[in-house]
There are 2 protein chains.
Amino acid sequence: MLQTQSTVMDFDSALERFKSISLDKGLRLTHQRLEILRELVGAKDHPSAEMVFGRVRRRLPTISLDTVYRTLSTFDELGLIMRVPVTGDQGRFDADTSPHHHFVCSRCKAIYDFFWDEFDRLTLPLDSEALGRADDRRVVLRGVCTRCMGEQ
Amino acid sequence: MLQTQSTVMDFDSALERFKSISLDKGLRLTHQRLEILRELVGAKDHPSAEMVFGRVRRRLPTISLDTVYRTLSTFDELGLIMRVPVTGDQGRFDADTSPHHHFVCSRCKAIYDFFWDEFDRLTLPLDSEALGRADDRRVVLRGVCTRCMGEQ
DNA sequence: GTACGTGCAAAAATTTTGCTTTAAT
DNA sequence: ATTAAAGCAAAATTTTTGCACGTAC
């Protein structure tokens, strides 16, 4: 079977990125940061801070929620992870910062990744170029996911 | 001079849409709803609930913030307005539900509209079609806006 | 040893909810 | 007259912050 297009970033390369950034900016490699990174790299559901907290706590029972928030913000600022551009009560995070896009189910709020080379190669319209320098471009699809459609 | 491509929805047509929906669903045309709709249609900055509250209050001094929240949610569910898919502390709203896209300045948090026909005409990738039925597709650009670039 | 990061607690900010009153139909 | 919606107050939820202690460097 063909390898899927999915870019499942592995922990080791994410860790390497973090290490090199750490050296640069004088950040420390703490257990908490490592475990949060590991959790996020392994997650496929674009978890919220609360979700990350719940999962990391299984391995690091003394970790606190505010550390998770602080760490996720730090990682986001470093470009190590990204916030998924979705509406909703909670912020959702993604350790995969490669060009890919999101399908958001308006019923169950699940977020799925998909890839779209044709879009990625498109030249931005003049309209948008006049607005500023775009560092990142994402497509967000909103609809009802296959699973929810099945459940009628 | 050429007419710009901008779809500045006017209040009258938004009102007509609201009226026909109201008849359908038994919603009432209250002052509050009308003024919130007027404000949103006139706004070009994709305001948050708090921003809408502040502006509408100038004309309707007794309106309360929770009414604004409830009304915006109602309008969103009716498809009369949309939540802009952006990350950030507050939800942002847009009275223009026509196909258009957003540029978000990561520095000043301003949200600008732009149009992109070429994208709108693109067929979604198979990848995404497998995920579910997409009702809406948006592009989100994240970067630094011209104004912030000017301010060094 | 130095300071950066964590945990704790508290606060801030945003959004939602229950209930009574007001007002649109 | 009915009943949805508004306003008020309170709560719930999410996220941020100040500070003392712990720990990576």
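In the text below, chain A, chain B and the rest are named by the order of the sequence lines, each starting its count at 1. Since we're looking at a predicted model, the values are computed, not measured. Keep in mind that the numbers below use all heavy atoms, side chains included, and drop hydrogens, waters and symmetry copies.
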query = Within the structure shown, what part of the strands sits under 4.0 Å from A/Leu65 by heavy-atom distance: base, sugar-phosphate, or nothing?
reply = base
message = Base, sugar-phosphate or nothing for A/Ile63? Non-hydrogen atoms, less than 4.0 Å.
response = sugar-phosphate
Donor-acceptor contact below 3.5 Å, side chain B/Arg17 vs main chain B/Gly79 = yes
request  = Starting from C1' on C/dT15, measure out to CZ on B/Arg92 and report it in whole angstrom.
outcome  = 16 Å
request  = Considering only NZ, NE, NH1 and NH2 on the basic side and carboxylate oxygens on the acidic side, decide whether A/Arg59 and A/Glu39 come within less than 4.0 Å.
outcome  = yes
message = Rounding to an integer number of Å, can you tell me how far B/Ile21 CD1 sits from D/dA5 P?
response = 13 Å
key: Most 5' of A/Leu27 and B/Ala49 on DNA chain C, judged by nearest nucleotide   = A/Leu27
ask   = OP1 or OP2 of C/dC8 sitting under 4.0 Å from any side-chain N/O of A/Ser64?
value = no
message = Does B/Asp89 reach a base, just sugar-phosphate, or nothing at all? Heavy atoms under 4.0 Å.
response = sugar-phosphate
ask   = Are any of the side-chain nitrogens in A/Arg55 or A/Asp45 under 4.0 Å away from the carboxylate oxygens of its partner?
value = yes
query = Does A/Ser48 make a side-chain N or O approach to OP1 or OP2 of D/dT14 shorter than 4.0 Å?
reply = no
Integer-rounded Å distance: C/dG7 C1' and A/Arg33 CZ = 14 Å
ask   = How close or far is atom P of C/dT6 from atom CZ of A/Phe53, stated in whole angstroms?
value = 14 Å
Length of the CD-C1' vector between A/Glu77 and D/dT15, whole Å = 14 Å
ask   = Do the side-chain N or O atoms of B/Thr30 get closer than 4.0 angstrom to the phosphate oxygens (OP1, OP2) of C/dA24?
value = no
request  = To the nearest Å, give me how far apart CZ (B/Phe93) and P (C/dT14) are.
outcome  = 13 Å
ask   = So, is A/Gln32 close to the C/dG7 phosphate, meaning a side-chain N or O under 4.0 Å from OP1 or OP2?
value = yes
query = CG of A/Leu29 versus P of C/dA3: gap in Å, rounded?
reply = 20 Å
task = Starting from the 5' end of DNA chain C, give me the residue, A/Thr71 or B/Glu50, whose nearest nucleotide shows up first.
result = A/Thr71
task = Determine whether any donor atom in the side chain of B/Arg70 lies under 3.5 Å from an acceptor atom in the base of C/dG18, or the reverse, and answer yes or no.
result = yes
key: With sequence neighbours excluded, residues passing salt bridge (charged side-chain N to carboxylate O under 4.0 Å, His left out) with B/Arg92   = none
task = For B/Thr62, answer base if it contacts any base atom (sugar-phosphate contacts may also be present), sugar-phosphate if it contacts only those atoms, and nothing otherwise; contact means non-hydrogen atoms under 4.0 Å.
result = sugar-phosphate
request  = Would you mind reading off the distance between A/Asp66 atom CG and D/dT13 atom P, rounded to a whole angstrom?
outcome  = 19 Å
key: Any A/Tyr69 side-chain nitrogen or oxygen under 4.0 Å from OP1 or OP2 of D/dT15   = yes
request  = Let me see the working for A/His102 and A/Asp113 under side chain to side chain donor-acceptor pair (under 3.5 Å), right down to the final yes or no.
outcome  = CA-CA 5 Å; A/His102 297 105; A/Asp113 287 333; 3.2 Å; yes
inquiry  = When you measure only distances, ignoring hydrogens and angles, does the side chain of B/Arg28 come within 3.5 Å of the base of D/dA5 through a donor and an acceptor?
reply    = no
query = Which residues pass the side-chain contact (heavy atoms from CB on, under 4.5 Å) test with A/Ala130, sequence neighbours left out?
reply = none
